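A quick write-up on the structure given underneath.
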Amino acid sequence: MNESNTIEQLAARLRTEISGLPPGARLPSARELVRRHGVSPVTVTRAFALLSAEGAVVTRPGSGTFVAHRRGRPGAAAADTSWQAVALGDRSIDTALVRHVLGPPPPGSVTMSGGYPHRSLHPVRALAAAMARAARRPDAWDRAPVEGLAPLRAVFARTAGVDPDDVLITGGGQGALSMAFRAMAAPGNQVLVESPTYPGALSAARAAGLRPVPVPMDADGLRPDLLAETFAMTGARLLYCQPTFHNPTGAVLPPDRRRQVVDVARASGAFVLEDDFARLLGHGGPPPPPLVTDDQDGTVVYVTSLTKAASPSLRVGALVARGPVMSRLRAMRLVDDFFVARPLQEAALELVSSPAWDRHLRTLGAALRERCAALAAALAEHAPQWQVARVPVGGLHLWAQTGRAHDAAETARRHGVAIDPGQDFFAAEAPGAFVRLSFAAAADPSELVDGARRLGAAIG
């Protein structure tokens, strides 16, 4: 009898034996099987290898061979995935800072947390019509270019004041940030961030292996003098900032500081990653041009998105970059996922090319202005202890200092109001107690007033 037949016969006997054993049961040792079946040790080893490939057994060096846990097997014990902790090592990704953005609030709560407008502020009809028109295009399901559809890139190029060749379509703003952090800095590098800043950027930077370093802000936004000091002290080669309708403070960087920030970064041989997430969320007045518009040297890499103004599920954004960094970003797009789904790009193009889009943006701006004023007034009346330093002219949030109430968000939640804890917005220790309150997430202004009343009762 040849060796292969012997291996198959032994494997067949072991399958019969395994069928009567519970998951996790230990099989006889190789020595015992050699004695019992009159085969060589090599035959036993190869039979076990065959059964292991079938998923019937698991061999643990130094411990023995055991009956595998079969998925869906009646009475099977829970799978043991503890071995993965060793294989993965210390490379965990902390999502604590962004989990509250997507998680639902407790039932019955007034929602003033998260980073998206209420569904009543979405252009639902325009989105449906755009999707329907896009689906009827004969090439809607063809492969899209790596850089994105040329007409869509032209739309983003006009917004940023750049050439369409400098635009790369991305799967929303968060995906663009993640890609940019990985492209522009190596694991272990430091990245400078405003203090406070967007928690999703902190999480994306840390997931890329970067170490965020805070740079203080004042009433006018990022301080260029301290930015220069921090670049000199750290040797960092990347700054992440939100110069327009900053999240969470709502600050808009003045023209002189905008120039200084780019000049300081250029003198330090560093990139500026400009997150312009709220450009379409102005409350009526025109926002200043992006930093990237006046940058001729490729210092600024620009991120923007349609998602906030349209719908959380319209995951379409753009990166703007010049020079070798754009080549690297294109290469990452190709390696990561080839391209953004063409039907989504086509729908986005249909949406922003329609008259309904401009009408929606005007309506959205007016609604955000009304909601912002309503919440600011209600807080001043019902929770005057909370100091709102700035009533913003764009964006979705108010930023309030709560005095000594470091547990203000948890207290609010117990009283039926969902708000965002301020400590999540700092790369290091927070200089005080803060909360972020969304005036866009609630159903209507009256709900915001009710939420402010509840907050006043909670902290009174």
Side-chain angles (χ1 to χ4, degrees), residues 115-117 121 123 154-162 166-167 170 172-174 176-177 194 196-198 200-201 217-222 224 239-262 265 272-295 299-310 314 316-321 348 351-352 357-373 376 388-399 436 438-440:
Y116 295 104
L121 299 176
V155 169
F156 283 110
R158 286 194 296 272
T159 298
V162 299
D166 298 329
V167 178
T170 67
Q174 189 66 24
L177 287 180
E194 296 152 317
T197 192
Y198 167 49
M217 300 173 61
D218 60 17
D220 289 325
L222 186 67
L239 163 69
Y240 165 80
C241 65
Q242 305 164 88
T244 306
F245 309 142
H246 174 266
N247 177 12
T249 68
V252 178
L253 206 61
D256 58 335
R257 288 200 183 185
R258 300 173 89 86
R259 290 189 295 271
Q260 290 175 44
V261 165
V262 177
V272 174
L273 180 56
E274 178 184 10
D275 186 355
D276 201 18
F277 78 100
R279 176 149 297 271
L280 302 178
L281 303 177
H283 297 175
L291 303 183
V292 74
T293 302
D294 298 322
D295 170 46
T299 298
V300 180
V301 173
Y302 176 79
V303 176
T304 191
S305 171
L306 300 176
T307 303
K308 299 287 188 185
L314 190 70
V316 174
L319 276 163
V320 173
L351 176 68
V352 300
W357 179 242
D358 288 334
R359 291 196 298 270
H360 164 66
L361 292 180
R362 290 193 296 271
T363 301
L364 177 62
L368 293 177
R369 182 172 63 251
E370 177 189 8
R371 286 161 169 263
C372 179
V388 177
R390 176 187 296 101
V391 177
V393 295
L396 307 172
H397 307 101
L398 293 180
W399 181 244
R436 188 187 72 169
S438 170
F439 47 78

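Source: prediction; values computed, not measured.
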Is there a donor-acceptor contact under 3.5 Å from the side chain of [X] to the main chain of [Y]?
X	Y	result
His360	Ala310	no
Thr304	Phe277	no
His397	Gly250	no
Arg362	Trp357	no
Glu274	Pro290	no
Lys308	Gly115	yes
Arg257	Leu222	yes

- Note on the structure: Of Leu291, Asp294, Leu239, the one forming a side chain to side chain contact (heavy atoms under 4.5 Å, CB included) with Val262 is Leu291
- Option among Val292, Leu273, Val320 that satisfies the side chain to side chain contact (heavy atoms under 4.5 Å, CB included) test with Val301: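 Of the listed options, the one satisfying the test is Leu273.
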Can you tell me how far the [atom1] atom of [X] sits from the [atom2] atom of [Y], to the nearest 0.5 Å?
X	Y	atom1	atom2	result
Leu396	Leu281	CG	CG	5.0 Å
Asp276	Tyr302	CG	OH	3.5 Å
Arg369	Leu364	CZ	CG	11.0 Å

Would a 4.5 Å heavy-atom cut-off, applied to side chains only, mark [X] and [Y] as touching?
X	Y	result
Leu177	Tyr240	yes
Thr249	Glu194	no
His246	Cys241	no
Cys372	Pro392	yes

Least distance between heavy atoms, [X] atom then [Y] atom:
X	Y	answer
Arg436	Asn247	NH1-OD1, 2.9 Å
Leu280	Leu306	CD1-CD2, 4.0 Å
Val272	Ala265	CG2-CB, 3.4 Å
Gln242	Tyr198	NE2-N, 3.6 Å
Asp166	Val162	OD2-CB, 4.2 Å
Ala251	Ala219	CB-O, 4.5 Å

- Message: Applying ring-ring contact (aromatic ring centres under 6.0 Å, His included), can you list everything that pairs with Phe156, at least two apart in sequence or on another chain?
- Response: none
- Task: Output, in order, the C-alpha distance, side-chain angles, deciding distance and verdict of side chain to side chain contact (heavy atoms under 4.5 Å, CB included) for Leu351 and Leu314.
- Result: CA-CA 10 Å; Leu351 176 68; Leu314 190 70; 3.9 Å; yes
- Message: Can you confirm whether the side chains of Arg258 and Thr244 place a donor and an acceptor under 3.5 Å from each other?
- Response: yes
- Item | Pair Phe245-Val252, side chain to side chain contact (heavy atoms under 4.5 Å, CB included): steps then yes or no | CA-CA 5 Å; Phe245 309 142; Val252 178; 3.6 Å; yes
